[in-house]
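What follows is a set of notes on a single structure, which appears directly below.
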Amino acid sequence: MSAFSTANILLPKLDQAGMSKWSVVACDQYTGEPQYWQKTAEIVGGAPSALKLILPEVWLEQPDTEERISAINAEMEKYLAQGLFKEFPDSLILTRRTQADGKVRTGIVGAIDLEMYDYNKGSSSQVRATEATVAERIPPRVKIRRDAALELPHIMILIDDPAKTVIEPLEARADSFEKAYDFELMQNGGRLEGFAIRGEAAADVLAALERLADRSEFNARYGLDNEDVLLYAMGDGNHSLATAKECYEMKKREGNPDADLARFALVELVNLHSPALEFEAIHRVITETDTGKLMSELTEALGLKKDGEGQRFTIILDGREESFAVTKPSSNLTVGSLQVFLDRYLAENAGKIDYIHGENVVRELCCKRGSIGFLLPSMEKSELFPTVIKDGALPRKTFSMGHANDKRFYCEARKIRN
């Protein structure tokens, strides 16, 4: 069976202008830019908004977190009591996101069965994390979700569907379905359209996913021998899905009557092969360290040579940039081999690590004494599923999918408490 299914999806009964205020970007974006969230609050004003139902992570460590969570729960109850939402029972939502750069990303919103998800490294579940899950990040998020009446997803899950059998057939006839929403997203987020998928069309989606979940075909696809199927790989929102899992397990242990609702989490499925989906490298900079000692140990650990094929990356040190080949890899990916070493080195030596998106920013940061930068190649999309199957969850900050304003915006909701 596939872990993905239809759900009773809630959407606010608002016009286009109202939806533009309702929908806000994922809570884990712009964590270093509180001004973005302040501007969002100004745009929203007193209007109904998902902003009032989430806790942006920029505020997660503030002393008034408990008060913010109480206000979120109260706002959820108020919206439900006011009849703000229209329910789309037993449905999927086909989403068409036009990004600020004009590229169009299509996905399908539905429910993931958390019984078929395990975020731990080495998991063989059908739904798996692609990057390491930091256990310390889950408890603060559990506090937010534990007593919430609603969930709003920014979780994006990837499927490896090169034949385009799941999402694309719906995309081709999107305009034949009931339009659930169509509006401009705030703050250069682009445009978002949604179409309600029910009945036979929804059944076709689930049947196509069942075919992708066929064990023998899965093993043939990746050249494996009787391995468990990895059908759903996390793209964005890994810690949010892990939080949903922990809340479900907690309610199940307690015999909470809401456990049946908590067993599922709303997500958006996106095909790995969507042309709008691009993986971008995340580089590393180490500061306040003995760069000579680090280079010596790194060269030995990874068998670095200036010539050679295979895994390669560029080191920026003392104003010079040099490319090296890894002759003793410890991971299927260049970033994995490097990160394994850096984690061990920083556990034993002085130094701070930063994860940087732009190459020029890395160069600027490496101008300071005691700093060393690593420019990494972009991960190929085709490497994702084979690497997770072989290595388990990848090192943190392995890849990024698009810029912050291209990330998923909250729109749909679902009840997770009776």
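Worth knowing before you read on, the calculation uses all heavy atoms, side chains too, and leaves out hydrogens, waters and symmetry mates. For reference, positions follow the sequence shown, starting with 1.
Applying the 6.0 Å contact sphere to CG of D307 captures no more than 12 heavy atoms from other residues, nucleotides or ligands. In this structure, E61 places its CD atom where only 12 or fewer heavy-atom neighbours from other residues, nucleotides or ligands lie under 6.0 Å away. Within a 6.0 Å sphere centred on CE of M1, heavy atoms belonging to other residues, nucleotides or ligands number 12 at most. By the 6.0 Å contact criterion, NZ on K143 is open, its count of non-hydrogen atoms from other residues, nucleotides or ligands being 12 or less. Within 6.0 Å of CD in E300 there are 12 or fewer heavy atoms belonging to other residues, nucleotides or ligands. Around the CD atom of E322, the shell of radius 6.0 Å holds more than 12 heavy atoms that belong to other residues, nucleotides or ligands. Atom NZ of K179 is surrounded by more than 12 heavy atoms from other residues, nucleotides or ligands within 6.0 Å. Annotation for H403: atom NE2 does not count as buried by contact number, only 12 or fewer foreign heavy atoms lying within 6.0 Å.
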side-chain contact (heavy atoms from CB on, under 4.5 Å) between M156 and V267, intermediate numbers included: CA-CA 6 Å; M156 186 185 295; V267 305; over 6 Å; no
Criterion side-chain contact (heavy atoms from CB on, under 4.5 Å) on C411 and L11, from CA distance to verdict: CA-CA 7 Å; C411 188; L11 286 168; 3.9 Å; yes
Step-by-step side-chain contact (heavy atoms from CB on, under 4.5 Å) determination, D182 to R191: CA-CA 8 Å; D182 182 359; R191 188 172 190 86; 2.8 Å; yes
Pair T387-T398, side-chain contact (heavy atoms from CB on, under 4.5 Å): steps then yes or no: CA-CA 12 Å; T387 301; T398 296; over 6 Å; no
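Put simply, the side chain of K251 never gets that close to the backbone of N256: no donor and acceptor are under 3.5 Å apart. Side-chain atoms of T314 never come within 3.5 Å of backbone atoms of S323 as a donor-acceptor pair (strictly under, hydrogens ignored). Q311 places no side-chain N or O within donor-acceptor distance of the main-chain N or O of G336, the cut-off being under 3.5 Å. A donor-acceptor pair under 3.5 Å is absent between the side-chain atoms of R284 and the main chain of V335, judged by distance alone. Listed for the K407 side chain is no donor-acceptor partner under 3.5 Å among the backbone atoms of D28. In this structure, the side chain of S123 engages the main chain of D118 through a donor-acceptor pair within 3.5 Å. Using a distance-only test at 3.5 Å, with no hydrogens or angles considered, no donor-acceptor pair links the side chain of Q29 to the main chain of A26. E75 places no side-chain N or O within donor-acceptor distance of the main-chain N or O of K52, the cut-off being under 3.5 Å. At least one donor-acceptor pair under 3.5 Å links the side chain of N219 to the backbone N or O of E227. The backbone N or O of Y117 sits less than 3.5 Å from a side-chain atom of K245, completing a donor-acceptor pair.
L269 contributes atom CG, which lies 6.0 Å from atom CD1 of I112 (distance to the nearest 0.5 angstrom). How far CD1 of I197 is from OG1 of T95: 10.0 Å, rounded to the nearest 0.5 Å. Rounded to the nearest 0.5 angstrom, E151 CD and M76 CE are separated by 9.5 Å. Residue T327 holds its OG1 atom at 5.5 Å from NZ of K305, rounded to the nearest 0.5 Å. To the nearest 0.5 Å, the span separating CG on L365 from CD1 on I372 amounts to 13.5 Å. Interatomic distance, CD1 of I138 versus CZ of R145, reported as 12.5 Å (0.5 Å rounding).
Within the 4.5 Å cutoff, side-chain heavy atoms of L212 are placed close to those of D161. Within the 4.5 Å cutoff, side-chain heavy atoms of L60 are placed close to those of I144. Between E268 and P153 the shortest side-chain heavy-atom distance does not fall below 4.5 Å. Between D204 and P169 the shortest side-chain heavy-atom distance does not fall below 4.5 Å. At least one side-chain heavy atom of M401 sits less than 4.5 Å from a side-chain heavy atom of D236. At least one side-chain heavy atom of L241 sits less than 4.5 Å from a side-chain heavy atom of L114. Contact annotation: the side chain of I282 never approaches that of F399 to less than 4.5 Å [non-hydrogen atoms, C-beta and beyond]. At a threshold of 4.5 Å between non-hydrogen side-chain atoms, the residues I316 and L375 count as touching.
Here the shortest heavy-atom pairing between A213 and V229 reads O-CG2, 3.4 Å. Of all heavy-atom pairs spanning S337 and S331, the tightest one is OG-N, 3.2 Å. The minimum heavy-atom distance between L10 and K415, with the atom names listed, is CD1-CG, 3.9 Å. Residues F218 and D228 come closest through the heavy atom pair CE2-O, 3.2 Å. The heavy-atom pair separating G110 from L92 by the smallest distance is CA-CD2, 3.9 Å. In terms of heavy-atom proximity, V362 sits nearest to G373 at CG1-CA, 4.0 Å.
The ring pair (Phe, Tyr, Trp, His ring centres under 6.0 Å) test applied to H283 returns no partner, not counting sequence neighbours. F385 meets the ring pair (Phe, Tyr, Trp, His ring centres under 6.0 Å) test with no other residue; sequence neighbours excluded.
Using a cutoff of 4.0 Å between basic side-chain nitrogens and carboxylate oxygens, K252 and E249 are scored as salt-bridged. At a threshold of 4.0 Å, the pair R96-D175 counts as salt-bridged, since one of the basic side-chain nitrogens sits closer than that to a carboxylate oxygen. Salt bridge status for K103 with E278: present, with a side-chain N to carboxylate O gap under 4.0 Å. A salt bridge links E297 to K293: at least one charged side-chain nitrogen sits closer than 4.0 Å to a carboxylate oxygen. Using a cutoff of 4.0 Å between basic side-chain nitrogens and carboxylate oxygens, R141 and E57 are scored as salt-bridged.
Between Y181 and S23, the side chains place no donor N or O within less than 3.5 Å of an acceptor N or O (distance only, hydrogens not considered). Between the side chains of N238 and T133, at least one donor N or O lies within less than 3.5 Å of an accepting N or O. Using a 3.5 Å distance cut-off with no hydrogens or angles, the side chains of S2 and Y232 do pair a donor with an acceptor. Counted by atom type alone, N360 and E364 present zero donor-acceptor pairs between their side chains at under 3.5 Å. A donor and an acceptor atom, one from each side chain of D64 and Q62, are nowhere located under 3.5 Å apart.
The one candidate from V24, I72, V25 that meets the side chain to side chain contact (heavy atoms under 4.5 Å, CB included) condition with I54 is V24.
Using a 30° and 60° split on the angle between ring planes, H154 and Y410 fall in the perpendicular class, above 60°.
Listed by first and then second residue, the ring-ring contact (aromatic ring centres under 6.0 Å, His included) pairs that reach into residues 34-75 are Y30-Y36, sequence neighbours excluded.
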